Novice: 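After the structure tokens below, expect a handful of questions from me.
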Amino acid sequence: MRQTEDSPITAPQPGEESPDGRMEHVIRPARRKRPRNIALGVLAFVVVGIVVSMWAQFTTRVSDHLFVLVLVVHVVGSTVAILACVLQVWPWLRRTRPRVHRISGRAYVIAGVYPASITALVLTAFWPFSPLTSSRDILASVLWLAITTYGFVLARQGRTADHRRWMLRSFALTLSVVVSSVIRTPVGLLLQSHLHTDFHGSDDVMQQMWSGIDLWLSMTLSLIAVEWYLEREQLRRSSARRSRKTDPSAGGAADRAGAVMPAPSGRPE
């Protein structure tokens, strides 16, 4: 559309048509995307740091070749899951590149979660570290495997909303390693002060307790955070539905917005 110097350029309103008859999309302010993009960048930076530290830590244990083989498969699967998880929670990629979103989602499930969770169970069964750590690893691996599988099945069935909720729970378990890295130092400092009292000077016992508390707490906090987010999201949607019922004009605006931005299809992402 040609604009003259006297005619101001105005953004089309929801539901309006352009002069050539095409329906215009709603232009969202760029400011709203800035905090989300910054948070995503910070998450990607932290994830890369965690992956590098994981490889540096695990590749030094070479005393048992079978242990190293299983451990490498576990670390590779965890790496794929963490990196694919960042792509999955990227809103821009999901909106503009749905095919890439679907491919990274399959990689997250098949090449990431499945090998990582299964080898975690094998490592716990044959090379346990401590009862506290082993119990957490078994529970986390079973939950990770079951929740991810259920979310993947929902995607194949075209139940996109349910698929999204369950995969967010899977992502919370995946990123619990990031939470673990954040809280590990404070937990260690707290336990270090009890080394010569509660642990009777035994550094091995303190290390086992440190690892167990760190892993249990990171998993619990991650699951609580994602459930809190899903609950708030559900409350916001319920409030919006009630507002549309009590205010007909709000419902009409929602219908016009729906005409501008078509609803997602049942095709799994």
Side-chain angles (χ1 to χ4, degrees), residues 14-15 25-26 28-29 31-40 42-43 47 81-82 84-98 101-102 104-106 108-109 112-113 139-140 142-179 182 216-269:
H25 291 278
V26 178
R28 297 182 178 180
R31 290 182 182 176
R32 296 180 181 178
K33 297 181 181 179
R34 242 177 241 172
R36 185 181 299 174
N37 292 337
I38 293 174
L40 186 63
V42 172
L43 176 62
V47 164
I82 293 173
C85 178
V86 175
L87 297 178
Q88 288 292 289
V89 299
W90 191 357
W92 177 86
L93 185 69
R94 187 171 62 250
R95 288 195 309 267
T96 62
R97 299 291 186 271
H101 176 77
R102 288 192 294 269
S104 63
R106 294 189 183 100
Y108 171 80
V109 175
V113 174
L139 178 61
V142 171
L143 285 177
W144 200 21
L145 190 61
I147 289 174
T148 305
T149 300
Y150 186 56
F152 185 71
V153 170
L154 290 173
R156 302 296 298 175
Q157 294 175 350
R159 298 166 57 183
T160 307
D162 294 332
H163 157 73
R164 176 180 172 273
R165 284 192 293 270
W166 282 95
M167 292 309 291
L168 283 176
R169 295 183 176 104
S170 174
F171 298 156
L173 290 172
T174 302
L175 296 179
S176 64
V177 65
V178 178
V179 180
V182 172
W216 272 105
L217 192 58
S218 63
M219 182 184 71
T220 304
L221 291 176
S222 299
L223 291 176
I224 289 175
V226 73
E227 291 301 328
W228 173 80
Y229 173 79
L230 291 174
E231 183 66 20
R232 280 179 56 88
E233 186 180 57
Q234 185 65 28
L235 289 175
R236 285 196 301 269
R237 290 179 178 177
S238 300
S239 177
R241 283 195 296 266
R242 286 194 299 268
S243 299
R244 286 196 296 268
K245 289 180 181 179
T246 56
D247 187 1
S249 62
D255 293 339
R256 291 192 299 271
V260 179
M261 298 299 293
S265 63
R267 187 177 180 182
E269 294 185 356

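Just so it is clear, the structure is predicted and the values come from calculations on it, not from any experiment. For this chain, numbers begin at 1 and follow the sequence in order.
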Novice: So, for S176 and S218, which heavy atoms are closest and what is the spacing to 0.1 Å?
Specialist: O-CB, 3.5 Å
Novice: Minimum heavy-atom separation for R169 and V226, please, with both atom names.
Specialist: N-CG2, 4.1 Å
Novice: With distance as the sole test, does T148 use its side chain to make a donor-acceptor pair with the main-chain N or O of L145 at under 3.5 Å?
Specialist: no
Novice: Drop me the distance from E233's CD to E231's CD, to the nearest 0.5 angstrom.
Specialist: 10.5 Å
Novice: Is there side-chain contact between Q157 and V153, with at least one heavy-atom pair below 4.5 Å?
Specialist: yes
Novice: Going from OG on S239 to CZ on R237, what distance comes out if it is rounded to the nearest 0.5 angstrom?
Specialist: 13.0 Å
Novice: Does M219 reach the side chain of L139, with side-chain heavy atoms less than 4.5 Å apart?
Specialist: yes
Novice: Testing the basics here: between S170 and Y108, what is the closest heavy-atom pair and its distance to 0.1 Å?
Specialist: OG-OH, 2.6 Å
Novice: Shortest non-hydrogen contact from L154 to W166?
Specialist: CD1-CD1, 3.5 Å
Novice: Once you round to the nearest 0.5 Å, how far does CG of L223 lie from CG of L173?
Specialist: 5.0 Å
Novice: Testing the basics here: between A81 and V113, what is the closest heavy-atom pair and its distance to 0.1 Å?
Specialist: CB-N, 4.2 Å
Novice: What heavy-atom pair brings M167 and F152 nearest, and what distance separates the two atoms?
Specialist: SD-N, 4.1 Å
Novice: Nearest 0.5 Å, what's the CG-CD1 distance between L87 and I82?
Specialist: 12.5 Å
Novice: Would you indicate whether R232, at its atom CZ, is surrounded by more than 12 heavy atoms from other residues, nucleotides or ligands within a distance under 6.0 Å?
Specialist: no
Novice: Could you give the distance from CD (Q234) to CG (L230), rounded to the nearest 0.5 Å?
Specialist: 9.0 Å
Novice: Would you indicate whether the side-chain heavy atoms of E227 and I224 approach each other to under 4.5 Å?
Specialist: no
Novice: Rounded to the nearest 0.5 Å, how far does NE2 of H101 lie from CH2 of W92?
Specialist: 13.5 Å
